[in-house]
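Everything on this sheet refers to the single structure shown next.
Numbering of ligands and ligand atoms starts at 1, following listing order. Excluded from the calculations below are hydrogen atoms, water molecules and symmetry mates; all remaining heavy atoms, backbone and side chain alike, are included.
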Amino acid sequence: MYETYYNLSVAPFHNTPNSRFFFETEQHREALAKLEYTVRNKRGFALITGEIGAGKTTLIRTLMRRLGSDARIAMINNTRLDSEQLLYMIAQEFRVEMPPNADKATLLRALRSFIEHEHQVGRFVCIIIDEGQCLTIDEFEEIRLLTNMETETDKLVQLLILGQPELRATLKHPRLAPLIQRICMYTHLNPMSFDDMTKYIAFRLVRASKGRPNVDFSREALRSIYDYAKGVPRLVNLVCDNALLVGYSNDTRLIDSAIVKRAISQMLPNFDNQMADLFEDDPIGEQELDDGRRI
Ligand SMILES: Nc1ncnc2c1ncn2[C@@H]1O[C@H](COP(=O)(O)OP(=O)(O)OP(=O)(O)O)[C@@H](O)[C@H]1O
Ligand SMILES: [Mg+2]
């Protein structure tokens with residue numbers, strides 16, 4: 001809507017995990033390097049935890065783009081599946097042909113021969129679990145058994161697990177000790193520092209622009225964004241997107257602190273105002289909004 005006004009070709013703060021907009025803070029760079037190392041050196045298991053909206057899915061999308069045709073990838077998201085359904089889903093992700101009523105033994109056989117074949121032709125095979133906090137202990141065990149395949153030197157299946165911090169509690173379960181012992185890389189993604197956030201905003205504006213973005217954020221505006229978003233990229237995007245809209249409707253290309261505050265006050269839910277009280281005694285409990293925040 002406001003793109004042309006600011007000399008942008010696309011909306012710069014779209015909240016999708018688009019790898020084209022991937023910004024490498026030091027910790028994102030390190031996490032990406034660890035994931036890529038795990039896959040390319042067939043080390044087996046890597047684990048990334050991170051706060052809500054910290055950039056885990058964006059990281060994975062970027063890794064997938066980097067690996068390109070070097071890897072075959074099964075991406076497992078939110079699941080509540082029994083072990084056969086889970087194996088069936090993995091087979092589907094790998095595009096292994098399967099009759100819909102295949103039993104577990106058939107599924108395992110087909111998956112194993114797929115994995116061996118890919119190994120022989122020199123491609124990496126990865127199972128990526130995003131939203132790992134949603135998986136049950138049984139699902140983790142099932143996947144671990146599948147990833148047991150190894151030669152004397154290499155793991156044939158690389159398992160990358162990403163999830164919100166509560167995932168660590170699931171993984172502590174004694175039944176998952178064999179999985180934990182095999183994790184060779186671990187990183188926790190924290191929200192960005194103020195400096196990183198400032199560079200992040202500039203980076204996304206340039207990425208989205210035709211030549212040079214025709215908009216400036218004042219230092220105070222950046223401070224106000226940080227005060228609200230605390231360096232969480234998803235929230236930074238949300239505030240910046242709204243601030244650009246407020247700037248546009250006020251016909252100004254200088255985003256100052258007043259504009260940011262106005263943008264924030266128009267965003268719901270704002271936990272700092274009385275709206276938050278409305279949710280306090282909610283008997284339904286916690287809910288997740290489209291933008292990822294929980295109320
Ligand atoms: N390093 C980054 N570079 C560019 N954009 C990023 C980065 N990290 C996060 N983002 C932006 O923030 C948004 C939220 O990131 P993402 O969905 O990857 O978070 P997440 O950690 O997977 O969140 P959740 O815990 O809810 O699954 C993304 O849509 C993306 O636009
Ligand atoms: Mg995610």
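- Using 4.0 Å as the threshold, H14 has a heavy atom nearer than that to some atom of ligand 1.
- Sorted by first and then second residue, the ring pair (Phe, Tyr, Trp, His ring centres under 6.0 Å) pairs involving residues 245-265 (not counting sequence neighbours) are Y5-Y248.
- Polar contact check, D130 against ligand 1: no nitrogen or oxygen pair lies under 3.5 Å apart.
- Under 4.0 angstrom from ligand 1, the non-hydrogen atoms of K56 come from both its backbone and its side chain.
- When each atom of ligand 1 is checked for a heavy atom of N237 under 4.0 Å away, the hits are 11 (C), 12 (O), 30 (C), 31 (O).
- Side-chain atoms of R72 come within 3.5 Å of backbone atoms of F94 as a donor-acceptor pair (strictly under, hydrogens ignored).
- Under 4.0 Å from ligand 1, heavy atoms of R234 appear from its side chain as well as its backbone.
- For the Mg ion (ligand 2), the nearby protein N/O/S atoms, meaning those under 2.8 Å, are T57 OG1.
- By the 4.0 Å N-to-carboxylate-O rule, K42 lies too far from E118 to be salt-bridged with it.
- Annotation: cation-pi geometry satisfied between R223 and F194 (NZ/CZ under 6.0 angstrom from ring centroid, within 45° of ring axis).
- By the criterion of side-chain heavy atoms lying less than 4.5 angstrom apart, applied directly or through intervening Ile, Leu, Val, Met, Phe, Trp or Tyr residues, L86 is grouped together with I161 in one hydrophobic cluster.
- Under 4.0 Å from ligand 1, not a single heavy atom of L189 appears.
- When the options A54, P191, P233 are ranked by their closest heavy atom to atom 10 (N) of ligand 1, first place goes to P233.
- With T58, L59, I48 as candidates, the residue nearest to atom 28 (C) of ligand 1 on a non-hydrogen basis is T58.
- Residue contact check for ligand 1: E24 places no non-hydrogen atom closer than 4.0 Å to it.
- Using a 4.0 Å cut-off to heavy atoms of F23, the atoms of ligand 1 that qualify are 1 (N), 2 (C), 3 (N), 4 (C).
- Note on ring orientation: taking the six-membered ring where Trp is involved, the planes of F203 and F23 are tilted (angle from 30° to 60°).
- Contacts of F22 with ligand 1, taken as heavy-atom pairs under 4.0 Å, involve both backbone and side chain.
- No side-chain donor-acceptor contact under 3.5 Å links R144 to the backbone of L176.
- Heavy-atom proximity to R204, at under 4.0 Å, picks out these atoms of ligand 1: 4 (C), 5 (N), 6 (C), 11 (C), 30 (C), 31 (O).
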Inset, instruction - Would you check, one step at a time, whether the test side chain to side chain donor-acceptor pair (under 3.5 Å) holds for T106 with D103? - result: CA-CA 5 Å; T106 314; D103 61 13; 2.3 Å; yes
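- Interface of Y200 with ligand 1, defined as ligand atoms under 4.0 Å from a residue heavy atom, comprises 3 (N), 4 (C), 5 (N), 6 (C), 10 (N), 11 (C).
- Within ligand 1, the atoms closer than 4.0 Å to a non-hydrogen atom of F21 are 3 (N), 4 (C), 5 (N), numbered from 1 in the order shown.
- The ligand atoms of ligand 1 that sit less than 4.0 angstrom from a heavy atom of E131 are 27 (O).
- For E131 and Q133, the side-chain atoms include at least one donor-acceptor pair closer than 3.5 Å.
- The closest approach between F13 and ligand 1 stays at or above 4.0 Å for every heavy atom of the residue.
- Legend: side-chain hydrogen bond (donor to acceptor under 3.5 Å, both in side chains) pairs involving residues 44-59, not counting sequence neighbours, sorted by first then second residue: T49-Y186, T49-H188, E51-H188, T57-D130.
- Distances shorter than 4.0 angstrom do not occur between any heavy atom of G50 and any atom of ligand 1.
- The two residues I255 and A221 have their closest heavy-atom pair at O-CB, 3.2 Å.
- Clustering of Ile, Leu, Val, Met, Phe, Trp and Tyr side chains at separations under 4.5 Å places Y37 together with M185.
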